[in-house]
Amino acid sequence: MITPISYRDGAVELLDQTRLPQEAVVLKIREFRELARAIRELKVRGAPAIGLAAAYGVVLGLQNLELEDEAQLDRRFQEVVEELKRTRPTAVNLFWALERMARAFKESRAKGLGLAELKRALLAEAEAIHREDIEANKRIGRLGAELLPEGATVLTHCNAGALATGGYGTALGVVRSAWEMGRLRKVLVSETRPLLQGARLTAWELEQEGIPYELITDGMAGWLMARGEVGAVVVGADRIARNGDTANKIGTYSLAVLAHHHKIPFYVAAPSSTLDPACPTGREIPLEERSPEEVTTIRGVRLAPAGASARNPAFDVTPHEMISAIITERGVLRPPLAEAIADVLP
Ligand code: MRU
C-alpha cells in the first residue's frame, strides 16, 4: 500500500509529493518546524494526511526536550501546536488532529505521567489517528463503491488518494474498492491546475494499481459530461460545514455545477474528521489563497508575461444542494444533509 507518511526511529518519513511522479524521494524529518514547512510547501498534502503529519509533528516537537520545569513542558507543547496550526487554514483535519493530541497531552499530565511516558502516549495517539484513518477509508471505499452503477466511469478531481490520507484514500478509496468489486470501467482524472495534483499524483497512484484511467484538462469535464461519458463524480473534502456545504480543491465547484446541469450524481467522500461542527455553513470556512506564482509558472517555468498579475484561491465551496451524498465511515449521508450530518456528529 502507498504510504505518504510514517514514523520510525525518531523521524517522520514523508514521501515528497512535490517531486512525484518523477522521483519517489522519502524525506526524514526530525524537527517540528521543518515538518510545518513541509506541510506549507505541500510536500505532504490532502486533508487527512495534513492532520496526521501535524499529529506526528507534535511528537517531534517534544521528543528531544530536556525538561527544566513543568511549566516549560506546557509552554513547549503550546508553541509546537501553534506553529503547526499556522501551516494551512482550510483542512479542518489539521485542527481536529491537533485537538486530539492536546486531549492526549492533558490526560497524560492529569495522570502525572513522567516525560518518557508522556512522549509514548503522544506517539500512541498519533499512531491511533493513522490506523483509524486507514480503517475509515476502507469503509468509505466499500460504501461508496456500492453507490456506483455497474461499469461506471468515475470523474475525480485533485488527489484524494492514499497520498492524501493515512493510506487507501477517500475518493480514490471508492475507486479502489469499485475496481476490486469489478464495478469500475475507468477513471477520468482532471489535471487540477495550478499544482496538478490530478495529473501528477492521482495518475501516479492509478498507474501503481493498474486501474484504467484517462487524464483530462480541467476544461474538458463539461463536454465529456454532455456526451454522456461520465457516470459519477467522486471528490474528497477539506472541510464540510454543518449544512453540508463542502470546501475542496479549486475547480470542485465548477464540476458540481456541471454535474448538476447534466444530472450526474456528485459524491463527496470524506472521513467524519472532515465534518466541522463549528462551521454552520460554507461561508464560515476559511479558504486558503496561495501565491500567484503557482498560476503564472509551472514548476519554475514561467507561462505568463513577466509582471502578469494572477489570482490563486486554492479551494472553493460546493453548496450542499449540489451534493448527491456524502460518503463517510459512519454511513452514506443523503439530503437533507444538515439532518444527516447532525445524526453522525457526536
Ligand atoms: O491543496 P491540497 O493538495 O492539499 O488539496 C487537497 C484536496 O483538495 C483534497 O481533495 C482533499 O484534501 C481531500 S484528501 C482526501
Side-chain angles (χ1 to χ4, degrees), residues 2 4-5 14-18 20 38-54 87-97 129-130 133-134 136-141 144 154-176 189-205 218 233-240 246-256 266-276 285-291 294-295 312-318 323 326-329:
I2 298 164
I5 182 163
L14 287 185
L15 183 53
D16 184 346
Q17 298 191 34
T18 60
L20 284 172
I39 297 175
R40 235 175 267 124
E41 292 174 357
L42 272 52
K43 291 185 160 74
V44 57
R45 33 79 35 218
I50 293 170
L52 189 54
T87 50
R88 296 194 71 194
T90 304
V92 75
N93 311 61
L94 169 71
F95 307 95
W96 171 88
I129 293 174
H130 199 163
D133 187 60
I134 297 173
N137 293 340
K138 291 199 169 153
R139 191 162 154 70
I140 289 168
V154 171
L155 176 83
T156 191
H157 188 56
C158 192
N159 172 267
L163 290 169
T165 61
Y168 201 73
T170 55
L172 276 198
V174 173
V175 161
R176 279 192 168 88
V189 177
S190 55
E191 63 172 354
T192 320
R193 272 289 284 153
L195 295 178
L196 303 172
Q197 289 92 331
R200 296 188 301 104
L201 307 176
T202 298
W204 181 78
E205 282 196 33
D218 298 348
V233 179
V234 186
V235 296
D238 279 79
R239 196 185 291 234
I240 302 172
T246 294
N248 193 49
K249 180 52 55 196
I250 192 76
T252 304
Y253 170 64
S254 316
L255 290 175
F266 183 92
Y267 298 118
V268 171
S272 54
S273 55
T274 307
L275 299 171
D276 185 1
I285 300 178
L287 298 174
E288 180 179 12
E289 181 109 17
R290 296 181 61 88
S291 159
E294 291 178 353
V295 175
N312 190 12
F315 296 95
D316 56 30
V317 175
T318 296
I323 298 172
I326 300 175
I327 307 155
T328 76
E329 81 284 10

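Counting starts at 1 for both ligands and their atoms, in listed order.
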(request) Using heavy-atom distances, let me know which of His157, Arg88, Arg290, Arg239 sits nearest atom 2 (P) of ligand 1. (result) Arg88
Mind checking whether [X] contacts ligand 1 via backbone (N, CA, C, O), side chain (CB onward), both or neither, at a 4.0 Å heavy-atom cut-off?
{"X": "Ala237", "result": "backbone"}
{"X": "Gln197", "result": "side chain"}
{"X": "Cys158", "result": "side chain"}
{"X": "Thr165", "result": "side chain"}

(request) Answer yes if the side chains of Asn93 and Thr274 hold a donor-acceptor pair under 3.5 Å, and no otherwise. (result) yes
(request) Report yes or no: do Asn159 and Arg200 form a side-chain donor-acceptor pair below 3.5 Å? (result) no
(request) Would you please determine whether Glu288 falls within less than 4.0 Å of ligand 1 on a heavy-atom basis? (result) no
(message) What protein heavy atom lies closest to atom 14 (S) of ligand 1? Include the residue and the distance to one decimal.
(response) Ala164 CB, 3.5 Å
(request) Using distance alone, determine whether Ala160 and ligand 1 share an N or O pair under 3.5 Å. (result) no
(request) Might you confirm whether atom OH of Tyr253 has over 12 heavy atoms from other residues, nucleotides or ligands at distances under 6.0 Å? (result) no
(request) Give a yes or no answer on whether the side chain of Ser190 reaches the backbone of Thr156 with a donor-acceptor pair at less than 3.5 Å. (result) yes
(request) Before accepting this row, confirm whether a basic side-chain N of the pair Arg193/Asp218 lies closer than 4.0 Å to the acidic partner's carboxylate O. (result) no
(request) Decide yes or no for Leu42 and Leu195: does some side-chain heavy atom of the first lie under 4.5 Å from some side-chain heavy atom of the second? (result) yes
(request) Could you tell me which atoms of ligand 1, counted from 1 in the order shown, lie closer than 4.0 angstrom to a heavy atom of Pro48? (result) 14 (S), 15 (C)
